[in-house]
There are 2 protein chains.
Amino acid sequence: MTDEPSTAEEIMDGVYRALCAHGYAGLTMQDIADECSKSKSLLHYHYDTKEDLLVAFLDHVISDFEGRVAERADRPPTERLVEFVCWFVFERDESERESFHIALLELRSQGPFNDRIREQLARSDRLLRGTVSEVLVEGIDSGVFRDVDVEETAALLVATLDGARTRQITMAGDESEGPAYTRTVAEATMSRVLEPLLAEGVELPSIAETVESLPARTGEEPGEGRAAGEETMDEDATDEDVMGEGTTDGPAADATDGSTASVTADDEDSG
Amino acid sequence: MTDEPSTAEEIMDGVYRALCAHGYAGLTMQDIADECSKSKSLLHYHYDTKEDLLVAFLDHVISDFEGRVAERADRPPTERLVEFVCWFVFERDESERESFHIALLELRSQGPFNDRIREQLARSDRLLRGTVSEVLVEGIDSGVFRDVDVEETAALLVATLDGARTRQITMAGDESEGPAYTRTVAEATMSRVLEPLLAEGVELPSIAETVESLPARTGEEPGEGRAAGEETMDEDATDEDVMGEGTTDGPAADATDGSTASVTADDEDSG
DNA sequence: GGTCATTGACTGACTGGTCAGTCAGCAGGG
DNA sequence: CCCTGCTGACTGACCAGTCAGTCAATGACC
């Protein structure tokens with residue numbers, strides 16, 4: 001229960017909000033400074049370079065997701081599997097999540113040019129595929145899943161969900177199209193990839209139910225600890241999930257280290 | 001058989017090479033000018049803004065892919081389907097293709113911020129999903145495929161392959177890992193998504209065979225028309241495939257409209 | 001308990017480099 | 001001699017990073 005958000009937290013929140021507002025390509029140190037009501041010089045005081053700051057942010061976000069995965073480790077494999085799928089599903093009106101994932105995609109596309117970013121990407125890939133593998137192994141051992149190729153299944157699942165999300169966000173200014181890309185693909189994945197995995201008589205929970213049951217999405221759920229808040233009347237919803245990774249949702253913040261307020265969301269901004 | 005490459009073609013080639021060499025984020029007009037041995041001012045003479053040039057390039061690349069799809073329209077559905085999968089498969093040593101797809105991913109991530117880019121992305125999405133749908137419908141009509149949900153299957157297939165490629169290229173500086181991501185996922189897709197689609201007694205060609213049978217990959221195949229070449233001894237390998245799209249390979253150029261120069265795009269206007 | 005030194009957090013103004021886009025002008029063919 | 005294709009030099013904007021300095025808190029010494 002520490003109170004007042006530390007400067008470090010405020011900066012991470014600022015990066016988050018600035019990324020949502022300006023994307024990665026259009027991100028300046030000044031944007032970040034503005035979002036956390038600090039000076040650009042302060043950012044350089046804590047982080048030598050912009051790259052340092054962004055890498056620290058990535059690390060922060062992935063660690064947070066890691067914590068979220070760990071929290072669910074003791075649930076039954078069938079449920080964890082569907083929850084995993086649901087982390088990637090998001091509707092067209094979740095604009096903050098969308099903005100954040102767009103920025104993450106921009107960041108990911110810089111992996112090939114930046115060792116430190118790529119390192120974080122690899123870490124999150126390990127986390128994602130590892131999580132699926134773990135769930136599958138547990139399910140196979142306990143007899144709810146058939147004895148399939150675990151690594152291959154994990155690779156397929158992660159690629160599919162990630163691909164669906166990427167396509168959904170890059171073409172956000174849609175037009176027509178029925179349900180969101182991720183929704184369609186998640187349903188298809190359930191019936192064509194996951195169900196054939198089940199042992200005789202076993203069933204998966206539905207996506208609809210599972211999505212509902214997942215921890216608060218941005219804007220819902222009361223939220224509680226409101227601390228030192230200044231004029232930033234932030235809700236919470238900070239770090240999302242991981243790289244091209246988990247999908248996560250809103251609040252959480254440092255869910256990992258149950259600390260305080262955290263985040264805010266999108267109120268504000270530039271001009 | 002027009003001879004000397006038109007300025008328009010040279011510029012498109014320059015954009016392609018510059019994108020491969022510098023990526024999209026690090027791309028300057030000077031880089032492009034250098035790659036086609038022209039001046040930066042010339043680029044502005046033909047295209048008012050950098051954005052105009054990049055959009056024209058995207059359009060060029062997608063049209064080229066369109067032509068490539070059309071060329072194969074009369075092959076049997078089972079083969080077209082596997083060929084589609086194979087367009088996305090690439091090995092770790094195909095570094096030019098990889099560089100180009102990295103740049104395309106960067107470009108795609110700008111879709112949400114740029115209407116004209118997003119328009120091209122939507123176009124290529126229609127092309128990709130439409131192609132798969134068309135193949136499926138043809139196969140269902142002729143009895144080689146079961147009567148599945150065509151749109152859902154197309155969405156699943158495209159998302160999966162695109163996702164696999166995205167993950168492979170963003171973590172290129174790999175470490176360990178067995179076969180490339182796209183290879184693993186393509187195989188998994190074949191056995192878990194495509195094979196269950198087949199009617200009794202029908203079989204799909206293998207990925208290995210199909211990859212081999214596809215038109216030249218970068219660097220292979222003699223290549224013929226070498227014209228006006230200056231010191232730019234470019235192979236050819238110009239436009240690849242589409243957005244997050246098809247995968248295509250090297251040569252091709254203006255396969256689509258055998259016409260002359262074509263391209264140029266939209267010189268014109270203001271100035 | 002009052003003065004002074006030190007240090008950590010933080011800021012505004014500045015600098016140097018980069019890059020898209022402009023402009024005046026040149027070659028050559030019709 | 002004018003028009004098209006093309007160029008080199010220049011400009012203005014933007015931005016990461018620096019620097020000199022402010023301010024508050026902490027602690028030391030008398």
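Protein chains get the first letters and strands the later ones, always in sequence-line order, with residue 1 at the start of each.
Following rounding to the nearest Å, B:Asp48 (CG) and C:dC23 (P) show an atom-to-atom distance of 12 Å. Between the CE atom of A:Met29 and the C1' atom of C:dG12 there is a distance of 16 Å, rounded to whole Å.
End-to-end axis angle for the helix from C:dG1-D:dC30 to C:dG30-D:dC1, using five pairs per end and rounding to 10°, comes out at 20°.
Among the heavy atoms of the strands lying under 4.0 Å from A:Lys38 are primed sugar atoms or P, OP1, OP2 only; no base atom is included. When heavy atoms are screened at a 4.0 angstrom cut-off, B:Leu53 is found touching no nucleic acid atom at all. Within the nucleic acid shown, A:Thr28 comes within 4.0 Å of sugar-phosphate atoms alone, with no base atom in reach, counting heavy atoms only.
Legend: residues meeting side-chain contact (heavy atoms from CB on, under 4.5 Å) with A:Ala25, ordered by chain and number and at least two apart, are A:Glu106, B:Gln110. Evaluation of the salt bridge (charged side-chain N to carboxylate O under 4.0 Å, His left out) rule for B:Asp31 yields no partner, not counting sequence neighbours. Under the rule for a side chain to side chain donor-acceptor pair (under 3.5 Å), B:Thr166 has no partner lying at least two apart in sequence or in another chain. With sequence neighbours excluded, the residues that form a side-chain contact (heavy atoms from CB on, under 4.5 Å) with B:Asp115 are B:Arg118. Under the side-chain contact (heavy atoms from CB on, under 4.5 Å) criterion, A:Ala70 pairs with no residue at all, not counting sequence neighbours. Residues meeting the side-chain contact (heavy atoms from CB on, under 4.5 Å) test with B:Ser95, sequence neighbours left out: none. Applying the salt bridge (charged side-chain N to carboxylate O under 4.0 Å, His left out) criterion to A:Arg72, with sequence neighbours excluded, gives A:Glu83. For A:Asp48, there are no salt bridge (charged side-chain N to carboxylate O under 4.0 Å, His left out) partners, not counting sequence neighbours.
A:Phe57 and A:Tyr16 have tilted rings, their planes meeting at an angle from 30° to 60° on a 0 to 90° scale.
When only modelled atom types and interatomic distance are considered, A:Ser63 and A:Arg123 share a side-chain donor-acceptor pair under 3.5 Å.
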Output a table of nitrogen or oxygen pairs between the protein and nucleotides 28-30 of chain C separated by less than 3.5 Å.
none

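Residue-to-nucleotide proximity on DNA chain C shows that, of A:Lys40 and A:Tyr45, the 5′-proximal contact is made by A:Tyr45.
Sequence neighbours left out, the pairs with a member in residues 37-46 of chain B that pass salt bridge (charged side-chain N to carboxylate O under 4.0 Å, His left out) are B:Glu10-B:Lys38.
First and last contacts of DNA chain D with chain B, using any nucleotide atom under 4.0 Å from a protein heavy atom and ordered 5' to 3', fall at D:dT4 to D:dA9.
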